2 protein chains.
Amino acid sequence: MLIRVDPSEQRPLAEQIAAAVRGALTRGEVAAGDRLPPARELGQSLDVNMHTVLRAYAQLRDDGLIELRRGRGAVVRDHVDAARAHLDDLARQFVEQARRLGLDDDEMTAMIRKVQP
Amino acid sequence: MLIRVDPSEQRPLAEQIAAAVRGALTRGEVAAGDRLPPARELGQSLDVNMHTVLRAYAQLRDDGLIELRRGRGAVVRDHVDAARAHLDDLARQFVEQARRLGLDDDEMTAMIRKVQP
DNA sequence: ACCTATTTGTCCGTATGTATG
DNA sequence: CCATACATACGGACAAATAGG
């Protein structure tokens, strides 16, 4: 997995890193169970701060693509499982918020159908 | 809006601050259009770092409760609007992810209906 | 099974950038 | 053009998990 970042670009460094890792994931260059390089290490090789890498990793975790644990590092989750888990999570969040606003099931589904690509 | 934090608590400071502001919002102590105190200022009065306050504010922004703009500060959104906007956002995210996984509209609505409290 | 040294993310803090008014 | 105030990136101390003996 080769990553490069360009400090002169407009996009934040963390986002560039996250995008690069996402690309490597979708291209299948890293498999489920693989570990991403430790934030310190990758940061050093990219000449950016550990925390910047960590922020990129946090994004990927929020998307369900990796698991982040102290002392263990960033472990790549199974793509399909990760995507599925993320979808479940979004569905649950949506329904919870909709209920909070008093929407019933029909109104929810109507909302979903109304979302345009 | 009175906020206090307890550094000896387990919860991160940023989360404590976010929770306190959320409470003030739901209790109606601050109205739509009001501005939250600048991060530096609130940080100083709480004796925590500006950045810690900023993290709390970022959480509230992600929940749609406030708008955060450089140079302008943290503006409280209308509760109903904010909740509605957040719901719209969740719906869009859900549909996007579902499409990415190849689900059609019927499968999406089925998923929504299957979410039980 | 136990200890402890290392690895590695988490949290808080600091400095600089940059849009807004 | 200047002051304000969030955004981004960097640095240090800490704690959980792990690995080796």
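A note on names: the letters A, B, ... follow the listed sequences, proteins ahead of strands, and every chain is numbered from 1. All figures in this text were calculated on a predicted structure; none of them were measured in a lab.
Residue B:Ala58 is classed as having no contact, given no heavy-atom separation below 4.0 Å to the nucleic acid. Using a 4.0 Å heavy-atom criterion, one finds that A:Arg35 contacts the sugar-phosphate atoms exclusively. B:Leu68 comes within 4.0 angstrom of sugar-phosphate atoms only, judged by non-hydrogen atoms across all strands, and of no base.
Taking both residues in full, the closest heavy atoms of B:Ala20 and B:Arg27 are given as O-NH2, 4.4 Å, listed atom of the first, atom of the second, then distance. Residues B:Ala98 and A:Leu87 approach most closely at N-CD1, 3.7 Å, considering heavy atoms.
Using a 4.0 Å cut-off, no side-chain N or O of A:Thr52 falls inside it from OP1 or OP2 of D:dT8. One finds a side-chain N or O of A:Asn49 lying less than 4.0 angstrom from the OP1 or OP2 phosphate oxygen of D:dG11.
A straight line from CD of A:Gln16 to P of D:dA7 spans 19 Å, rounded to a whole angstrom. Taking atom CZ of B:Arg55 as the reference point, atom P of D:dA9 lies 14 Å away to the nearest angstrom. To the nearest angstrom, C1' of C:dT16 lies 14 Å from CG of B:Leu54. Atom P of nucleotide C:dA15 and atom CZ of B:Arg40 are separated by 11 Å, given to the nearest angstrom. Atoms CG (A:Leu42) and P (D:dC10) sit 12 Å apart, rounded to a whole Å. The interatomic distance linking A:Gln44 (CD) with C:dG9 (C1') rounds to 16 Å, in whole Å. Spacing between atom CE of B:Met50 and atom C1' of D:dC6 amounts to 8 Å, rounded to whole angstrom units. The interatomic distance linking A:Arg11 (CZ) with C:dG17 (P) rounds to 22 Å, in whole Å.
Closest contact between the side chain of A:Val48 and the listed nucleotides C:dC11, D:dC10, D:dT8 involves D:dC10. Each of C:dC12, C:dT10, D:dC6 was ranked by its minimum atom distance to the side chain of B:Ala74; first place goes to D:dC6.
A:Asp89 and A:Gln93 share a donor-acceptor pair across their side chains, judged by distance under 3.5 Å alone. Residues B:His51 and B:Asn49 bring no donor and acceptor atom of their side chains to less than 3.5 Å of each other.
For A:Arg69, the CZ atom counts as loosely surrounded, since its 6.0 Å shell holds 12 or fewer non-hydrogen atoms of other residues, nucleotides or ligands. Atom CD of B:Gln44 has 12 or fewer neighbouring heavy atoms from other residues, nucleotides or ligands inside a 6.0 Å radius.
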Pick out the pairs of N or O atoms, protein on one side and nucleotides 19-21 of chain C on the other, that lie under 3.5 Å.
from, atom 1, to, atom 2, distance (Å)
C:dT20, O4', B:Arg70, O, 3.1

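A:Leu101 and A:Val95 fall within a single hydrophobic cluster, where Ile, Leu, Val, Met, Phe, Trp and Tyr are joined by side-chain heavy atoms under 4.5 Å apart, directly or via other members.
Distance alone, capped at 3.5 Å, places no donor-acceptor pair between the B:Gln97 side chain and the A:Leu90 backbone.
Taking five base pairs at each end of the helix from C:dC2-D:dG21 to C:dG21-D:dC2, the local helix axes there meet at an angle of 10°, rounded to 10°.
If A:Gln10 and A:Glu41 are placed on DNA chain C by their nearest nucleotide, the residue sitting closer to the 5' end is A:Glu41.
In this structure, CD in A:Glu15 is found 10.0 Å from CD in A:Glu9, a value given to the nearest 0.5 Å.
With salt bridges taken as basic N to acidic carboxylate O contacts below 4.0 Å, one links A:Glu67 and A:Arg72.
In this model, a side-chain donor or acceptor of A:His51 finds a partner on the base of D:dG12 within 3.5 Å.
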